[in-house]
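One structure is given here, and the rest of the page talks about it.
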Amino acid sequence: MVPLALALSGGGSRAAGFHRGVVAGLREVGLLDSVGVVSTVSGGSVFGAAWMAARGRGEPDEAFLERMGAELSKGFIGRTIRPRLVKLLLPGYTRTHAIAETFDGLFFEGLTLSGLPASPRLVMNVCVLNHGQTGKFARKGFKCVGLAPPGGGVSEWAPLPDYPVALAAAASAAFPVGLPPVSLGRGRGGVPEGWGTTEDLRRMKEFVLTDGGVLENLGIETVLNAESEFAGWDVAASDAGAREAAWGPEGLRDRVRGWLMGALSAPVLERIATVMNQKEDRHMRHGLFAEREKSWLVEALREPEVAARPDLRAYLAAEPERPARRVLMVRVNQDWDHFVRKIPRWRLLGLAADFEARTGRSAPDLPLWDDLPAKEAFLEAVGAGLGPAREIYAAMGGAAAAERANHIPTGFSAVDPSDLKVLSDHARWQVWANKAVYWG
């Protein structure tokens, strides 16, 4: 388990622009060198894979971030479609293959999975439509639930040393209708023949891969799995999801567009709807039992003789001795007031206790949850001041700029350079604020 894992969400070019600011912010606060795993989804996979490719070539992070910004400002759609209009008529060659070629020319230069850096370890998450589970591309190859050699009982990595990183990143970002799924076949250059823990999987001639965000759009699930080689104890997460807006059909244009989308991708969309429903059901089942365990712990801890309970001693004995997990959550859909208001009571109590242990003095009284000036004054008094974050936020343009970030579209079209600066600074102030409050 690595000390710090970085999860980069989906969200097309908006996500890539936002992740630029997260990486810059982590460098500024001294955490970037601690990152041992980078778990990515969709637009985050394009950014994360390009970043790792640049590191593999010895390109400094600052230079890469500048170059990525320049490419995002040009967009990828026009540069993908115009030179390949005729090629797109060929059977088996899709828009996803086309944009993978664009990414390869701009960022990867023919890089294959085996050429990815050993550290940080990059894992690109996809959705395997065959059985509705997460698949992973990494330096070792491809892995998903149920993929194992004949006679194997657990999932193993199918080695794909020559598989293009550009195509793996594009598969992670291939959300229909814009980008069709990618087929990973059997045999040479694909999954070995006979691999699969069930007869159904062994009979599959190809694994159909689409946007990892169909199952989980943050990339966090991979790094929270304690049994995974990509597990991280502390987690920095970059969430490029914007604020949800109300929706309603606007008229004939929307109905025609819906009909065309359905006509083009009805089978795939139907399968995605089924997979998303199954995933939500699994998530709720796990969540129910997690809440049950939490309630048991709270009930037990309230008993007077907690240390004497044999069931609690046995529970703790099975858990490794570690400090409390730290999480740094950076979101497009967050402004200053939201961040301060959402600092929980348990964290304020912890900061107060740390202050008293460090100084031998009594901490200030805890502020009310909705008294934001009092909260900021409390944080300053106990040594978790938000001054640097506040300066970046103000220079960015404050709440108006945060609102503007929520309206920057996804997709891979061009992003205005001024919007890219807003996205970057919007991420940077949050990295500084989270580091001050939650990192200690």
Is it the case that the side chain of [X] and the backbone of [Y] share a donor-acceptor pair, with hydrogens and angles ignored and the cut-off at 3.5 Å?
X      : Y      : value
Trp439 : Leu328 : no
Arg202 : Gly196 : yes
Asp104 : Gly110 : yes
Ser9   : Ala240 : yes
Asp425 : Met396 : no
Asn225 : Glu221 : no
Arg20  : Ser424 : no
Gln430 : Asn434 : no
Arg313 : Ala308 : yes
Arg325 : Trp233 : yes

Quiz: residues 148-170 side-chain donor-acceptor pairs under 3.5 angstrom, not counting sequence neighbours:
unit_1, atom_1, unit_2, atom_2, d
Ser155, OG, Cys144, O, 3.2
Ser155, OG, Gly146, N, 3.2
Trp157, NE1, Glu229, OE2, 2.8

Item to check | Ring centre gap for Phe339 and Tyr393 strictly below 6.0 Å | outcome: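 When the ring centroids of Phe339 and Tyr393 are compared, they turn out to be at least 6.0 Å apart.
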
Checklist entry - What do you reckon, are the aromatic ring centroids of Phe47 and Phe64 less than 6.0 Å apart? => result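 Ring-ring flag for Phe47/Phe64: true, centres closer than 6.0 Å.
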
Checklist entry - Pick one: which of Thr40, Leu116, Val38, Thr222 meets side chain to side chain contact (heavy atoms under 4.5 Å, CB included) with Val123? => result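 Exactly one pass, corresponding to Thr222.
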
Checklist entry - Among Arg27, Arg67, Arg55, whose salt bridge (charged side-chain N to carboxylate O under 4.0 Å, His left out) with Asp61 holds? => result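 That would be Arg55.
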
Checklist entry - Should Val22 and Leu6 be marked as a side chain to side chain contact (heavy atoms under 4.5 Å, CB included) after you check the CA-CA gap, both sets of side-chain angles, and the distance that decides it? => result CA-CA 10 Å; Val22 171; Leu6 174 60; 4.2 Å; yes

Next on the checklist: One pair to check against side chain to side chain contact (heavy atoms under 4.5 Å, CB included): Ile343 and Tyr438. What are the steps and the verdict?
Outcome noted: CA-CA 9 Å; Ile343 298 172; Tyr438 294 103; 3.9 Å; yes

Checklist entry - Going by the side-chain hydrogen bond (donor to acceptor under 3.5 Å, both in side chains) test, which pairs reach into residues 351-377, not counting sequence neighbours? => result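 Listed once each, the pairs are Trp336-Glu376, Glu376-Arg390.
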
With heavy-atom distances below 4.5 Å as the criterion, would you say the side chains of [X] and [Y] are in contact?
X      : Y      : value
Phe207 : Arg186 : yes
Glu71  : Phe107 : yes
Val145 : Thr134 : no

Checklist entry - Parallel under 30°, tilted from 30 to 60°, perpendicular over 60°: which one fits the rings of Phe103 and Phe76? => result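 Geometry flag for Phe76 against Phe103: perpendicular rings.
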
Item to check | Residues His407, Glu403; criterion side-chain hydrogen bond (donor to acceptor under 3.5 Å, both in side chains); working and verdict | outcome: CA-CA 7 Å; His407 295 282; Glu403 178 64 21; 2.8 Å; yes

Output a table of donor-acceptor pairs, distance under 3.5 Å, between side-chain atoms of residues 174-184 and any protein atom two or more places apart or on a different chain; print 'none' if there are none.
unit_1, atom_1, unit_2, atom_2, d
Ser183, OG, Glu206, OE1, 3.4

Checklist entry - Under 3.5 Å, is there a donor-acceptor pair between the Asn125 and Ser45 side chains? => result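 Side-chain D/A pair, Asn125 to Ser45: absent.
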
Item to check | CD/Glu303: more than 12 non-hydrogen atoms of other groups inside 6.0 Å | outcome: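 Enclosed: over 12 neighbouring heavy atoms sit under 6.0 Å from CD of Glu303.
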
